[in-house]
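Below: one structure, written as structure tokens.
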Number of protein chains: 2
Amino acid sequence: MRNLVNKKALLQETLGYILEEELIQEMSEIARVRETVADEIIIHVGDELLMIPIVISGSIKVSRENASGNELLLYYIEGGDTCAMTLQCCVRKVDSQIKATAMEPSLLLMFPVENMDKWMDKYKSWRSFILSSYHSRMMELMETIDAMAFMRLDERLLKYLTDQVKLMGSMELNHTHQQIADDLHSSRVVISRLLKQLETKGIIAIHRNKIVMKEF
Amino acid sequence: MRNLVNKKALLQETLGYILEEELIQEMSEIARVRETVADEIIIHVGDELLMIPIVISGSIKVSRENASGNELLLYYIEGGDTCAMTLQCCVRKVDSQIKATAMEPSLLLMFPVENMDKWMDKYKSWRSFILSSYHSRMMELMETIDAMAFMRLDERLLKYLTDQVKLMGSMELNHTHQQIADDLHSSRVVISRLLKQLETKGIIAIHRNKIVMKEF
DNA sequence: ATTGAGGTGTAACAAAAGTCACCTACAGAA
DNA sequence: TTCTGTAGGTGACTTTTGTTACACCTCAAT
């Protein structure tokens, strides 16, 4: 468990340009640290939400999952951002509608919901932060909707791969075809087929458990 | 143009149970009334947003539209609700990403964005209202995503029809097949086909420019 | 080295949705 | 009335995506 000074430094570094000193101080006093390994599930569908996470480093994948086990990637959360939706879920005592998975070893700070409410009243910068977060998530959901409504699967796949490359900062993606199929809500066979096409076109190289982007 | 007393009464009736008296008073002083006819387009994609609308009566359809003219229904806004997304669009001076259409003659109150900011600082009830609005829109976007990802078109069509019936409070929908196809981002021929199936099953009756729900 | 599990390739087929072509029906204008 | 534009019906076909089945490969555990 990191100490207070450490937490404050992390917050300062990640959110200092948005949030005022006093708030950073308050936050660092009550934050609880959560470290995750890659592929760790942080929130399950149906979980009762008691704490709001802010991502300090790493990246989180947020997906929808229905009763039949169907999955669909919604958006990513990176360092300095939060899932504002969680906030309202907490306040209203509604169970989580989404699944959150760490894509790499990540560091989160968790805050009890009561403080959110207090900060909302007290700090203008916090209000902006939360509103801005909602807005970003909303835009990202719209992008997801656009992709599903207006793009064919091969285009969505390519977008998925380039998004992942940008996010992870590496041309090598350690994914199985099945994992990709899950994220795009398709089937492994179809994804293998389309990946093969991308390989034939010289855009990627396929290896076991790994896809390497060649063009970008 | 309605007078101040009138606007206050409307606000009181629509939002009095959420917003405090003082805020209602302030709102009624600066609100501008906008009345729309059915099918009037309130916001186009790419519009610069200067005022935030609150729906007093009627219902608004919000859809996504891309450069190629493809369309997709996102969600509806009814009396007492607002499109919080507009707020951030205003603040950030970002052009509208969506199209808003009145589904029936509707009454809106429009507020300049500066006041939003002020109210955000001053009124707790306003903060809750805006956050709650964002949250609702977000949930509705997720429902749309669910439908697109996990339902077949015939199921989506039936959901669309029942949603419309609930919203309009009438079993008779005055839509052409083309309008439905636009909302669901499909083609007229396909929608006609699926509607025919629903008619054969005894769920609807098809007339020119009109669909009547028989079961519900 | 053997075994087994998970990952990938691929052919053959099926289902869902979209497209094209052309038809009829209806309503309002000329 | 006839004409014209819009709405809707339908068959034939294509494209896209999903499914099934099975082969082969790799790697780690035994």
Side-chain angles (χ1 to χ4, degrees), chain A residues 38-39 66 68-73 144-161 164 172-213, chain B residues 38-39 66 68-73 144-161 164 172-213:
Chain A
D39 296 321
N66 74 2
S68 322
N70 295 309
E71 226 179 302
L72 179 77
L73 172 61
T144 303
I145 288 178
D146 277 359
M148 283 206 300
F150 307 137
M151 290 164 75
R152 279 203 319 277
L153 192 52
D154 53 352
E155 300 173 286
R156 285 177 60 208
L157 175 59
L158 187 53
K159 173 171 157 38
Y160 172 85
L161 295 174
Q164 292 267 333
E172 298 199 357
L173 304 175
N174 297 305
H175 289 140
T176 66
H177 299 185
Q178 184 62 59
Q179 286 168 342
I180 299 176
D182 289 343
D183 281 347
L184 296 176
H185 188 247
S186 177
S187 79
R188 199 274 307 165
V189 178
V190 172
I191 295 299
S192 291
R193 193 150 66 202
L194 295 177
L195 283 172
K196 202 76 210 162
Q197 286 175 19
L198 288 177
E199 190 175 47
T200 306
K201 286 184 198 160
I203 299 173
I204 62 171
I206 301 173
H207 305 271
R208 191 185 174 82
N209 291 316
K210 184 166 75 175
I211 291 165
V212 181
M213 286 289 279
Chain B
D39 296 321
N66 74 2
S68 322
N70 296 309
E71 227 181 300
L72 179 77
L73 171 62
T144 303
I145 288 178
D146 278 359
M148 283 204 302
F150 306 139
M151 289 165 74
R152 279 204 319 277
L153 192 52
D154 54 351
E155 301 173 286
R156 283 177 61 207
L157 175 59
L158 187 54
K159 172 169 157 41
Y160 172 85
L161 294 173
Q164 291 268 333
E172 297 199 356
L173 303 176
N174 296 305
H175 288 140
T176 65
H177 299 185
Q178 184 61 59
Q179 287 169 340
I180 299 175
D182 289 343
D183 282 347
L184 296 177
H185 188 248
S186 177
S187 79
R188 200 271 308 166
V189 178
V190 172
I191 296 299
S192 291
R193 195 150 66 201
L194 295 177
L195 283 172
K196 203 77 210 157
Q197 286 175 19
L198 288 177
E199 191 176 44
T200 307
K201 286 185 198 160
I203 299 173
I204 61 171
I206 300 173
H207 305 273
R208 192 184 173 82
N209 291 316
K210 185 166 75 177
I211 290 164
V212 182
M213 286 288 281

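Naming: A, B, ... by sequence-line order, numbering from 1 per chain.
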Which atom pair, heavy atoms only, marks the closest approach of [X] to [Y]?
{"X": "Leu194(A)", "Y": "Leu153(A)", "result": "CD1-CG, 3.7 Å"}
{"X": "Ala181(B)", "Y": "Ser187(B)", "result": "CB-C, 3.6 Å"}
{"X": "Lys159(B)", "Y": "Ala147(B)", "result": "CE-CB, 4.3 Å"}

For [X], which residues count as a side chain to side chain contact (heavy atoms under 4.5 Å, CB included) partner, sequence neighbours excluded?
{"X": "Thr200(B)", "value": "none"}
{"X": "Lys201(A)", "value": "Ile203(A)"}
{"X": "Lys210(A)", "value": "Glu172(A), Asn174(A), His207(A), Val212(A)"}
{"X": "Thr144(A)", "value": "Ile145(B)"}

- Mind listing the residues from residues 146-159 of chain A sitting with a heavy atom below 4.0 Å of DNA chain C? Number order is fine. none

- Could you check Leu198(A) against Ile211(A) for side chain to side chain contact (heavy atoms under 4.5 Å, CB included), going step by step and ending with a plain yes or no? CA-CA 11 Å; Leu198(A) 288 177; Ile211(A) 291 165; over 6 Å; no

- Query: Can you name the residues that form a ring-ring contact (aromatic ring centres under 6.0 Å, His included) with His185(A), not counting sequence neighbours?
  - Reply: Phe150(B)

- How would you list, by chain and number, every residue that makes a salt bridge (charged side-chain N to carboxylate O under 4.0 Å, His left out) with Asp39(A), sequence neighbours excluded? none

- Set of salt bridge (charged side-chain N to carboxylate O under 4.0 Å, His left out) partners for Arg208(B), sequence neighbours left out: none

- Message: Going by side-chain hydrogen bond (donor to acceptor under 3.5 Å, both in side chains), name the residues that satisfy it together with Asp182(B), two or more places apart in sequence or in a different chain.
- Response: Gln178(B)

- Query: Where along residues 194-204 of chain A does a heavy atom come under 4.0 Å from DNA chain D, residue by residue in number order?
  - Reply: none

- Message: So if I define the base as every atom that isn't primed, P, OP1 or OP2, how would nucleotides 19-26 of chain D read as a B/S/- string at a heavy-atom cutoff under 4.0 Å?
- Response: BB----BB

- Nucleotide range of DNA chain C contacted by chain B, 5' to 3', under 4.0 Å to a heavy atom? dA16(C) to dC26(C)

- Whole-Å gap separating P (dT17(D)) and NE2 (His185(A)): 14 Å

